[in-house]
Number of protein chains: 2
Amino acid sequence: MDPYKDLKALLTKNRASLTKPRQKVFDLLMGQSPQTMQVLVKRAEGKVDRATVYRTLELFERLGIVNRLNIGWKYKYELSDIFLEHHHHFYCSNCGKSYDLPANPMLETMVDSVAAKEGFSPRGHQLEIYGHCPNCR
Amino acid sequence: MDPYKDLKALLTKNRASLTKPRQKVFDLLMGQSPQTMQVLVKRAEGKVDRATVYRTLELFERLGIVNRLNIGWKYKYELSDIFLEHHHHFYCSNCGKSYDLPANPMLETMVDSVAAKEGFSPRGHQLEIYGHCPNCR
DNA sequence: ACCAAATTGCGACAAATTTGCAAAACAAAA
DNA sequence: TTTTGTTTTGCAAATTTGTCGCAATTTGGT
């Protein structure tokens, strides 16, 4: 129920602390669709310094707190599966909006097996589907 | 057989011309694995101006001539399925190399259906799997 | 409250990308 | 092939984006 609990646990486990700036960045991510670095930096303006936003997201990424995604040909950040349900993304190339697609166990399995069949050891993947959304058909 | 034919057709269809700089950039892409913008700019040095490389890739991307991929947390460009077999990418997070994975008809279908099931009209997708390659297990 | 360690903000930088504009290349038509 | 109007290019400057060192502040542990 309290998302800060998981966040704090993850940080302390890695000898890092839940500071105000980090909380602020986390809040910017909460309940939002994936955002670019520029947007995050701008939204943090006055509160958290640019360099700190960069450093925080790098840390969060390293600790698996956020995922860095390629959506609509731009990098965007979103909270990871620890805080959000696992899902994929659909990008509408007409209106530019991006949508969440529910995870599909069968698909996940098949993705892994495609890589395994070639001798690779998959740890994860990133899937973006693009085309038109229902509103833009 | 002649890749320039498709390229020229795509350009003229969009009231754009196949100029020398554009041909050069296209050649840099041909028969190569995905490359970063920086590499392309450097390889074009002396032949095509930096700004032109940027503008050309933006155009190519818009017309579906190239795909911009997210490989190992870097953007890379490669010719699209019109010029290359459709395939996926595997990124080894240990050695940093990236590999092509052959397309799998069953997987492709399933990806499309996942989106279609939610009311979207998929036109394509991008899949990057990451983990360890055979050499780095 | 005090101390040692971690973290931040603040420049200053370096690198990457964009932009305006005059010159050059181009396509179309005569 | 020459003209004409349009597109595209190169150049240089400006902007944006991302990085770095370091002193000042904050943090967690006593």
Side-chain angles (χ1 to χ4, degrees), chain A residues 4-29 34-63 65-77 96, chain B residues 4-29 34-63 65-77 96:
Chain A
Y4 288 116
K5 208 183 148 196
D6 285 339
L7 176 60
K8 178 149 197 173
L10 260 163
L11 286 169
T12 39
K13 184 163 68 173
N14 289 274
R15 302 174 212 75
S17 38
L18 179 49
T19 63
K20 288 245 192 63
R22 284 172 186 167
Q23 245 176 51
K24 181 67 192 164
V25 171
F26 183 83
D27 290 345
L28 292 179
L29 258 6
Q35 295 165 81
T36 61
M37 180 62 86
Q38 294 102 294
V39 167
L40 288 168
V41 166
K42 178 156 286 180
R43 291 219 290 143
E45 216 160 31
K47 295 272 195 173
V48 185
D49 185 73
R50 182 159 40 118
T52 304
V53 177
Y54 275 92
R55 286 185 284 228
T56 300
L57 283 167
E58 188 202 350
L59 173 72
F60 280 7
E61 199 185 322
R62 193 152 43 77
L63 301 189
I65 292 164
V66 304
N67 284 340
R68 193 194 204 190
L69 308 165
N70 186 0
I71 295 186
W73 313 130
K74 295 204 166 178
Y75 285 136
K76 300 195 179 180
Y77 295 85
Chain B
Y4 288 116
K5 208 183 148 194
D6 283 340
L7 176 59
K8 179 151 196 169
L10 260 163
L11 286 169
T12 39
K13 184 163 68 175
N14 289 274
R15 303 174 212 76
S17 38
L18 179 48
T19 63
K20 288 247 191 63
R22 283 172 186 166
Q23 245 176 52
K24 182 66 193 165
V25 170
F26 183 84
D27 290 345
L28 292 179
L29 258 6
Q35 294 165 83
T36 61
M37 179 62 85
Q38 294 101 294
V39 167
L40 288 168
V41 166
K42 178 157 285 179
R43 290 220 291 143
E45 215 160 32
K47 295 272 194 175
V48 185
D49 186 73
R50 185 159 29 115
T52 303
V53 176
Y54 276 92
R55 286 185 284 226
T56 300
L57 282 167
E58 189 201 349
L59 173 72
F60 280 7
E61 199 185 321
R62 193 153 41 78
L63 302 189
I65 292 164
V66 304
N67 283 339
R68 193 193 202 190
L69 308 165
N70 185 358
I71 296 185
W73 307 127
K74 293 205 165 178
Y75 284 135
K76 299 196 180 180
Y77 295 85

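By convention in this document, chain letters (A, B, ...) are assigned in the order of the sequence lines, proteins followed by strands, and residues within each chain are numbered from 1. Predicted, not measured: the structure shown is a model, and the values here were computed from it.
A sub-4.0 Å separation between OP1 or OP2 of D:dT9 and a side-chain N or O of B:Thr19 is present. An OP1 or OP2 oxygen of D:dT9 is reached within less than 4.0 angstrom by no side-chain nitrogen or oxygen of B:Thr52. Contact check, A:Gln38 against D:dT16: no side-chain N or O comes under 4.0 Å of OP1 or OP2. Distances shown here put every side-chain N or O of A:Arg15 at or beyond 4.0 Å from the OP1 or OP2 atom of D:dG28. Distances shorter than 4.0 Å separate none of the side-chain N or O atoms of B:Tyr54 from OP1 or OP2 on C:dT18.
The residue from A:Arg43, A:Lys42, A:Lys74, A:Lys76 that alone fulfils the side-chain hydrogen bond (donor to acceptor under 3.5 Å, both in side chains) condition with A:Gln35 is A:Arg43.
Per the geometry, NZ belonging to B:Lys20 stands 11 Å off P belonging to D:dG10, to the nearest Å. To the nearest angstrom, P of C:dC26 lies 15 Å from CG of B:Leu59.
Not a single donor-acceptor pair, N or O on each side, falls under 3.5 Å between the base of C:dG11 and the side chain of A:Arg50. A donor-acceptor contact under 3.5 Å links the side chain of A:Arg55 to the base of C:dG9.
When heavy atoms are screened at a 4.0 angstrom cut-off, A:Val48 is found touching the sugar-phosphate backbone but no base atom. Across all strands shown, A:Lys24 has no heavy atoms under 4.0 Å from either base or sugar-phosphate atoms. If you check every strand for non-hydrogen atoms under 4.0 Å, A:Lys47 touches sugar and phosphate atoms only. Within 4.0 Å of A:Ala51, counting heavy atoms only, lies at least one base atom of the nucleic acid.
For the pair A:Gln23 and A:Tyr4, the tightest heavy-atom approach, listed with the atom from each and the gap, is CG-CE2, 3.6 Å.
Under the 3.5 Å distance criterion, the side-chain polar atoms of B:Arg22 are matched with a main-chain donor or acceptor of B:Ser17. Not a single donor-acceptor pair under 3.5 Å links the side chain of A:Tyr75 to the backbone N or O of B:Asn70. Not a single donor-acceptor pair under 3.5 Å links the side chain of B:Arg68 to the backbone N or O of B:Glu61.
Of all nucleotides listed (D:dC11, D:dC20, C:dA16), D:dC11 comes nearest to the side chain of B:Asp49.
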